[in-house]
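For reference, the structure discussed in these notes is given below.
Residue numbers begin at 1 in each chain, while the letters A, B, ... track the order of the sequences. Here the structure is a predicted model, which is why all the values come from computation and not from measurement.
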Amino acid sequence: MKKYISILVIFFIVIFAVITAYLIKVERIAVENFKSSNIKNIQFSSSLLRQKIDKVFYWLRVVSGYPDIVNFNDRGKKLLKTLYLPQGHTVRGISRVSKDMKLIYTYPDESAIGKDLSAQTHNQYIHRYHRPVLSSPFKTVQGYRAIVAEYPIFDKKHNYMGGIGLLFDFDKFVSHYLQNIDSNRYCKILLLDKRGYILFSNYLDALGEPLEDVLSNSEEELLNFIAKAKREDRYTGYFSVSGQKCIGSFIAFDVSGYNRWIIISYAELSDIFRGTNVNLFYVISISILVIIFGLISYYIYRMILDERKRLHEELRNKTQSLVESENRLRLMFDSLDELVSLVNHEYTIEYANESMISALGYDPTGNRCFEAYGGRKEPCSECTMKKVLKGKSVIGHEIRFVKNNRYYLTNNYPIKNPDGNLSQLSIMYDITEVKKLELERQQIFRAINNAEEMIVICDKNMRIKYLNEAYTQITGFSTHRIIGKSYRAVLDYIGRRDVYRAIDAAVRKRQPWKGEITARRRDGSEIIVYASFSPLYENDTLYGYIGLVRDITKERESEITLRRILEKSPIIILRLNNDYNVTSANTTFYKLTGWEEEDIIGKNIFDVFVRKEDREYVMAEIAKADGEINRAQPIIKKDGNFIFVSWINLPMTDIDGKRYGTFCIGVDSTREKELESRYLQAQKMEAVGRLAGGIAHDFNNLLTAIIGNVELAKMYLEWNESPLEPLLEIKAAVERSEALTRRLLLLSRNESGANFEIIDCNEIISGMEKMFRRIIKENIKLKLDLDSNLARVKGIRSQIEQIFLNLVINASDAMPEGGAIKICTQNVRGNEGKVREIKITVEDTGVGMDKNVMEHIFEPFFTTKAEGKGTGLGLSTVYGIVKSHKGEIRVSSVVGKGTRFEIFLPCVEWSEKSTATDVARSSNSSVEHERSKVSSALDEKTNRKRDKRILVVEDENTIRKILVRTLREYGYDIVEAEDGLDALKKITLNGKVKTDFWCDLLITDVIMPGMGGKELFEQIKKYLPEIRVIFVSGYDDGNLNGLLIDGKNIKFIRKPYRVRDIINSIEEMLSWSKESS
Amino acid sequence: MEGKIIKFLDILPVGERLKKTGNFFDSIASTYDSAIIPIVENAGCPWNRYIEELDSVVEEMQDKVIVDIGCGTSFPIGTLLPKNSIYLGVDVSVSMLKCASQLLSDNMNASLFNIDASRIPLEDNSVGVVLAIFFFNSVEDYVPDVREIKRILAPQSIFYAVFLEKNEALDKISIVKPIDRERIESILSYFTGRKYIFESRCGNLRFCKVRFY
């Protein structure tokens, strides 16, 4: 008890000391705060007061300068009115005082005007010193205290003219500025003038009296304090007033040089302290309450401690016994091989024995069971916890530990906890090995049961123990009737009792039996199965048989069908070993070749039916065995003839991928080969057909030349002149006719047996030029760019011609809207500088080809032309010819731009070429010689009818010359032109007809390169509208398209024509011309 | 003069464009009178000169209907009014009009109206003098007001306006916003043609008297 009392006393002393210290501190802070705030408040208020007074005097100074105020008049009065109003609510009046101190004017109270103010001290002061002055407060007639701020007025010569003054309500004026000092409501404020008279006070009712008269003796310290104001402008200090200790501050300042005001503010320390609102009674009361509360709390705390100590002792004893008991149990569980765990209702493992810890590799206590065992994040779907928590045991539940991947058979028992909740006691037995065996057994069983083959297991007495589902699928019979019966039941059902004996014999010998059985299904249909029975032994003791039955019906049927198909199909099948020996051949081969089995099986193919010259190619193709169709290859028949076979070769490999032979599939393409040959011929004929019109034209021209020259020769003879020249022309025309005929025959003939010869490609192209011009349409221009030093090549002339013909036809067909075909030749030199080969380029400006078309153009029968327009053999023929000439062909094309074919042909040795060139040159020189002789003969003749001029336009040189010469002989003035454009050139100059040109008649060929006869006539008509025309053509007049052949102005003569015919026509038309003129 | 004033309404709804102006002058009403003297003096015009200028037009107000648009507190014109004229003060600020009513409390011929100067409820040609002292320094769109002034002014009448003209030296933050010379000329251009304009200057203040004939 003593102890408690001493604690209480100490506690009380401490509390008392703290409170006392606190109070002292509070008092000190309050005094300091008052001290600083008080002086600030006084300073602020005095500052505002002084600013206001300064402002007033400033304003009065401004106004005192106004002339109307100086020389005071009516306008001065109005001005004073306007000056009074803005001075604020403390101003009570404005006045003008004369220099003899009389009130001249006052506003708003005008009743005092004329009053003598000389008795007023401040008026005396201003009158004497002429300085602004702020009066001391005085009581007005109206009863309020007022002060006057008065400012002296001077005229321009600085003569004193009186003053202007503002009258303020002093109390309102001062209190307005001093009221802010007493923000604490306990300050005592005094405003004193320099004499110590009280101007304002918030606690003394003695305004206007000296302060020392008002204060008692006990307030002497205050007077001493204020006395400092005469010496100092500001001061703060302590003093006593009526025994009460006070603290105060003052500020003294001059107003208008006439007066000095002192603002004093002080407060008793007790008031300051009271102002802090700290009440000692409350402090002590609260302290006592705190102490009482502390004592009670301490008592209760002691009681709780004692009870706790007692309970702790009791608990320790019980815990001791529980720990011992638990240790015994723990030892017991830890000694078990089974895994033991205790899991509470929140799935938390509360206990795990050593076996469990060992199985998991760590102590799972505190973990969730599903996390520790199953590695899951939530309870397992098959969890037994709910059932166990209902108080039921779960025996034989199986779980798997993820950690060690082992299976456990678990018995779960509900265990009641001390808190009444149930936990789950689990005892787990490792069944992993059993489980594995079970799984394996199930897998085997599932595999057997799902096997496609029928599997029968019998005991040693051949009674069926097991039959899988394949039995039902294969036979259609159900298994349940057979299980437990003899294996013979199976055979009974499938209708093959006859096999009993064979199988029984094997069984008796304990040997396996295998065989193919044709049986019947439940629906009566036949099946073919392959069956095998084998004895089963364990430790050399027979314990049963296993039978495997596989349905091979489809395989057998497929084999038979395939065999039949292969035997009957037109496809040849050969099997070769790696030494090219035939290992098998199908019937088709024998049938097509006439060979028999003994002739070829085991024999080398090169010894029997492959030509020696094809050996390399065939060996290469067999070695390649790429599954692609090879070109048709001749196979020697037994009778010595050939058949052509296209082969597909496939490698035969064993399981290791090692090739052991070749599987050759062949198609008899003898007929296609023949067709291809026929197509080539047909294509030539097609070209011949297209040439027919043109050739007829050429022949007509030649015939015209011959006839014309014959007639010319006849005329020469009549004139007793030499007919040599026309005869030479006739000879040349006949030679060209012969050449033309020869080429035509060559083109239409099969050239398979033709011989190679030295060829000048330039010569071939030049020779075919006219033919090309006939083949291609009129709107297509043909341009040749031939290298004059082009090397010769070795080839078959007709085939080379075929190349150009096909390419030009194709180019022409590719330009339905017209365009140009260009044929170029040039030498290609090798690295050593020698001419190695020649390049022939045929290019057009046609529609071009896309990539897809280009890939197939050389394939036989591929065509982009409309049906019936092309055979599809043109370019494949070209390809074949170029290849057979050991050349190369390249194609490039741009859609919409055109196509270019480049053919490279190997050239012959220079010696061969030079020989050929010399022959060609000598041939040309003899012709030129003869031609020169003809021209000299022609020069001897003169014309007779020079007054008629005829323009002769003919592209065929010979015809034109004959015609021109003949007409000149008949006396006509002739102008000749090679074609339409040449004719226009001779007529016109700079788009106008030449001034000296005139013409009566135009004789023109219809079809000419560049510009035809019809177009020429239409052009000339623009310049010479009266001109008449005779059209000449080997074709019919269909090409004149709408021109009216009236016989007067326009006439048509078909080639070949006789000189007489054309002379008659000319004379007839010119006579019409005369008549019309 | 009687019968020309058709109807006085104490308050006509002030348009939206002038509500902002009204609110501004409401807030400064109590200090306006004490502020106006420094404004005038800062503009370079001594107060007595300013009063002198106003007094010159006051002499012509005898026996006339005077409409003071934007009258505000009516200071200082309210202290100068002749006794025998009818003074109608018009302003959008209620607080300013309250101050004016104190100043004019003993003037029986003065009436004040819280209305928009562009909608003065007077007949055409019914007013002898229109005063606009610093009025145009406070409005943005003066056109409606000028049209209304022209409408109510009678023949032989006077329009008297005081402007504070813009000058670099002037304090831009002021109750009275200085306006530039072009704007003043533009306002006065509405009155050219059938009248004489008398104009005097004092500092940046322009005193314009338009006499109609």
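Proximity to chain A (any heavy atom under 4.5 Å) is restricted, for B:Leu103, to the side chain, taken from C-beta onward.
Residues A:Asp68 and B:Glu52 meet the side-chain proximity criterion, which asks for heavy atoms closer than 4.5 Å. Under the 4.5 Å side-chain criterion, counting only non-hydrogen atoms from C-beta, A:Val62 is in contact with B:Glu41. The side-chain heavy atoms of B:Leu80 and A:Thr82, taken from C-beta on, include a pair separated by under 4.5 Å.
At least one donor-acceptor pair under 3.5 Å links the side chain of A:Tyr66 to the backbone N or O of B:Trp47.
Within 6.0 Å of the OH atom in A:Tyr58, the count of heavy atoms belonging to other residues, nucleotides or ligands does not exceed 12. Within 6.0 Å of the CZ atom in B:Arg201, the count of heavy atoms belonging to other residues, nucleotides or ligands exceeds 12. Environment of OH in A:Tyr144: crowded, with over 12 heavy atoms of neighbouring residues, nucleotides or ligands closer than 6.0 Å. Atom CZ of B:Phe24 sits in a crowded spot, with more than 12 heavy atoms from other residues, nucleotides or ligands closer than 6.0 Å.
Separation of atoms CG (A:Leu79) and CG (B:Asp55) is listed at 9.5 Å; rounding is to 0.5 Å.
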- Check step by step if side-chain contact (heavy atoms from CB on, under 4.5 Å) holds for A:Lys78 and B:Thr79. CA-CA 8 Å; A:Lys78 282 183 184 176; B:Thr79 61; over 6 Å; no
